[in-house]
Asks: 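Have a look at this one before I ask anything.
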Number of protein chains: 2
Amino acid sequence: MTGQRRVIARVLSDADDHPDVEELYRRASVLDSRISVATVYRTVRLLEEKGILERRDFGGGRARYEATEHGRHHYHLIDVDNGKVIEFEDQEHEELMRRVAERLGFDFVSMRLELFGRKRTVQQEAKAPQPSKRKGAAS
Amino acid sequence: MTGQRRVIARVLSDADDHPDVEELYRRASVLDSRISVATVYRTVRLLEEKGILERRDFGGGRARYEATEHGRHHYHLIDVDNGKVIEFEDQEHEELMRRVAERLGFDFVSMRLELFGRKRTVQQEAKAPQPSKRKGAAS
DNA sequence: GTATGTGCAAAATGTTTGCAAGCCG
DNA sequence: CGGCTTGCAAACATTTTGCACATAC
């Protein structure tokens with residue numbers, strides 16, 4: 001347990017969003033400016049292998065991370081207009097997928113589910129100000 | 001409509017699996033050896049924008065493609081031991097997700113669902129010959 | 001003191017792009 | 001011909017890695 005890992009672990013457990021490596025690096029740098037990106041990459045990989053962290057891919061090319069929650073699972077709805085992530089639960093879902101896997105002759109290992117949606121507004125603005133190309137916001 | 005696009009379109013419509021760009025390039029090269037990877041990238045992007053192709057991410061870092069199917073949707077189960085992809089249908093699924101989006105105040109745009117599983121064998125070989133790290137097979 | 005972790009910069013990987021040349025209609 | 005398409009190689013973005021140095025225990 002080195003200082004750097006302690007700091008990165010701290011940042012991760014404090015986070016209630018889904019930061020990517022660059023964001024983790026930024027936050028960790030505030031607490032200890034002599035941390036390098038390479039160490040962040042190495043640490044998240046380590047923590048993922050240990051099952052402490054989970055890697056997510058919400059599109060946009062970079063991996064994002066969140067602490068593993070033991071017990072109730074949750075899924076993600078991504079707002080296609082601003083990249084914001086909303087978490088939701090769906091009790092029946094995993095059980096349903098377990099049955100699908102079984103039907104196909106497989107043991108369920110894991111699943112990935114992401115929902116993409118657009119905020120439902122009162123005046124369904126016909127020409128919403130689409131934030132253009134590939135600059136997804138955090139969360 | 002140039003020769004190259006014709007060839008690439010051909011390869012795509014002939015494919016009943018989920019090739020990545022490298023694989024498409026390989027198959028296209030057989031039919032016309034003077035096609036470049038750049039053209040394959042440009043063509044799949046074009047076809048995706050036109051809604052003819054769909055890009056998938058089954059993990060492993062590279063995008064994979066399959067022809068858009070109008071009508072019944074299907075999902076994918078990835079065999080974690082060899083990367084093979086099995087397609088399956090689940091009638092109720094999309095309707096379920098539409099309701100979830102609605103409950104959260106969103107209009108459903110699209111969803112992503114992947115199931116990861118391991119083949120259920122008779123003699124659950126305790127130490128299966130895991131094909132090591134990151135060399136997912138085709139399909 | 002030794003195994004392990006780190007910083008840095010270079011390499012690897014997958015994808016995109018600028019540009020000059022080529023093909024299509 | 002005039003514009004869209006190509007090939008090539010260079011540029012990109014993210015992630016990994018080799019190596020010498022630093023740190024933990």
Side-chain angles (χ1 to χ4, degrees), chain A residues 1-12 18-50 52-66 83 131-138, chain B residues 1-12 17-50 52-66 78 83 85 132-138:
Chain A
M1 249 302 131
T2 62
Q4 287 90 325
R5 286 199 188 161
R6 225 186 312 275
V7 168
I8 294 169
R10 182 100 234 259
V11 167
L12 283 163
H18 311 80
D20 57 27
V21 168
E22 198 187 327
E23 179 62 25
L24 288 173
Y25 174 54
R26 205 172 306 137
R27 296 183 194 175
S29 296
V30 175
L31 305 185
D32 182 346
S33 62
R34 58 181 192 281
I35 285 177
S36 74
V37 225
T39 297
V40 178
Y41 273 106
R42 282 192 270 234
T43 303
V44 292
R45 200 200 318 174
L46 193 86
L47 295 177
E48 196 200 349
E49 279 163 7
K50 294 209 172 186
I52 294 164
L53 260 191
E54 294 190 352
R55 189 205 311 237
R56 303 274 179 220
D57 170 20
F58 296 154
R62 38 236 281 176
R64 294 169 59 169
Y65 295 88
E66 72 182 319
S132 75
K133 350 221 77 174
R134 39 166 48 227
K135 203 80 196 202
Chain B
M1 246 306 129
T2 61
Q4 287 90 325
R5 286 199 189 160
R6 226 186 311 277
V7 168
I8 295 168
R10 181 100 236 261
V11 167
L12 283 163
D17 52 356
H18 311 79
D20 58 27
V21 168
E22 198 187 327
E23 179 62 24
L24 288 173
Y25 174 54
R26 205 172 306 137
R27 296 184 194 174
S29 297
V30 176
L31 305 185
D32 181 345
S33 62
R34 60 186 188 277
I35 285 177
S36 72
V37 222
T39 297
V40 179
Y41 273 106
R42 283 191 271 236
T43 303
V44 292
R45 195 192 331 167
L46 194 88
L47 296 177
E48 195 201 349
E49 278 162 8
K50 295 211 173 186
I52 294 165
L53 260 191
E54 295 191 351
R55 189 207 309 242
R56 303 274 179 221
D57 171 20
F58 296 155
R62 36 236 281 177
R64 294 170 58 170
Y65 294 88
E66 71 180 319
I78 294 101
V85 176
S132 75
K133 349 219 82 177
R134 38 168 46 228
K135 204 79 194 200

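Chain identifiers are assigned alphabetically (A, B, ...) following the order of the sequence lines, protein sequences preceding nucleic acid strands; residue numbering begins at 1 within each chain. What you are looking at is a predicted structure, and each value in this text was computed from that prediction instead of being measured.
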Asks: Just the rounded figure in Å: distance from P of C:dT15 to CG of B:L24.
Replies: 11 Å
Asks: Return the 5'-most residue of the pair A:R42, A:D20 with respect to DNA chain D, ranking by each residue's nearest nucleotide.
Replies: A:D20
Asks: Could you tell me whether B:R26 atom CZ has more than 12 heavy atoms of other residues or ligands within 6.0 Å of it?
Replies: yes
Asks: What is the distance from CD of A:E23 to P of D:dT15, rounded to the nearest Å?
Replies: 14 Å
Asks: Would you kindly give the CD-to-C1' distance between B:E22 and C:dT16, to the nearest whole Å?
Replies: 17 Å
Asks: Rounded to whole Å, how long is the line connecting atom CG of A:D32 with atom C1' of C:dT6?
Replies: 11 Å
Asks: Could you give the OH-to-P distance, from A:Y25 to D:dA13, as a whole number of Å?
Replies: 17 Å
Asks: Does OP1 or OP2 of D:dT17 have a side-chain N or O of A:R45 closer than 4.0 Å?
Replies: yes
Asks: Hey, what do you get for CD (B:E23) to CZ (B:R64), rounding to the nearest 0.5 Å?
Replies: 9.5 Å
Asks: So which one's nearest nucleotide on DNA chain C is more toward 5', B:G3 or B:V21?
Replies: B:V21
Asks: I need the minimum non-hydrogen distance between B:L24 and B:P19, along with the two atoms involved.
Replies: CD2-CG, 3.6 Å
Asks: Let's go through B:Y65 and B:H18 carefully: what are the C-alpha distance in whole Å and the side-chain angles of both, what is the deciding distance for ring pair (Phe, Tyr, Trp, His ring centres under 6.0 Å) to 0.1 Å, and is it a yes or a no?
Replies: CA-CA 5 Å; B:Y65 294 88; B:H18 311 79; over 10 Å; no
Asks: Determine whether any donor atom in the side chain of B:R34 lies under 3.5 Å from an acceptor atom in the base of C:dG22, or the reverse, and answer yes or no.
Replies: no
Asks: C:dT15 P sits how many Å from B:Y65 OH, rounded?
Replies: 6 Å
Asks: May I ask you to evaluate whether B:Y41 reaches the phosphate of C:dT16, defined as a side-chain N or O under 4.0 Å from OP1 or OP2?
Replies: no
Asks: Expressed as a whole number of angstroms, how long is the span from A:I35:CD1 to D:dT23:C1'?
Replies: 14 Å
Asks: Rounded to the nearest angstrom, tell me the gap between atom CG in A:D57 and atom C1' in C:dG14.
Replies: 14 Å
Asks: Mind listing the closest non-hydrogen atom pair of B:E66 and B:L53 along with its distance?
Replies: O-CD2, 3.3 Å
Asks: Look for any protein N or O under 3.5 Å of an N or O in nucleotides 3-5 of chain C and output each such pair with its distance, or none.
Replies:
residue	atom	partner	partner atom	Å
C:dG5	OP1	A:R5	NH1	2.9
C:dG5	OP1	A:R5	NH2	3.1
C:dG5	O3'	A:T2	OG1	3.3

Asks: Can a salt bridge be assigned to the pair B:D57 and B:R55 using a cut-off of 4.0 Å between side-chain N and carboxylate O?
Replies: no
Asks: Less than 4.0 angstrom from a charged side-chain N to a carboxylate O is my criterion; do B:R27 and B:D17 meet it?
Replies: yes
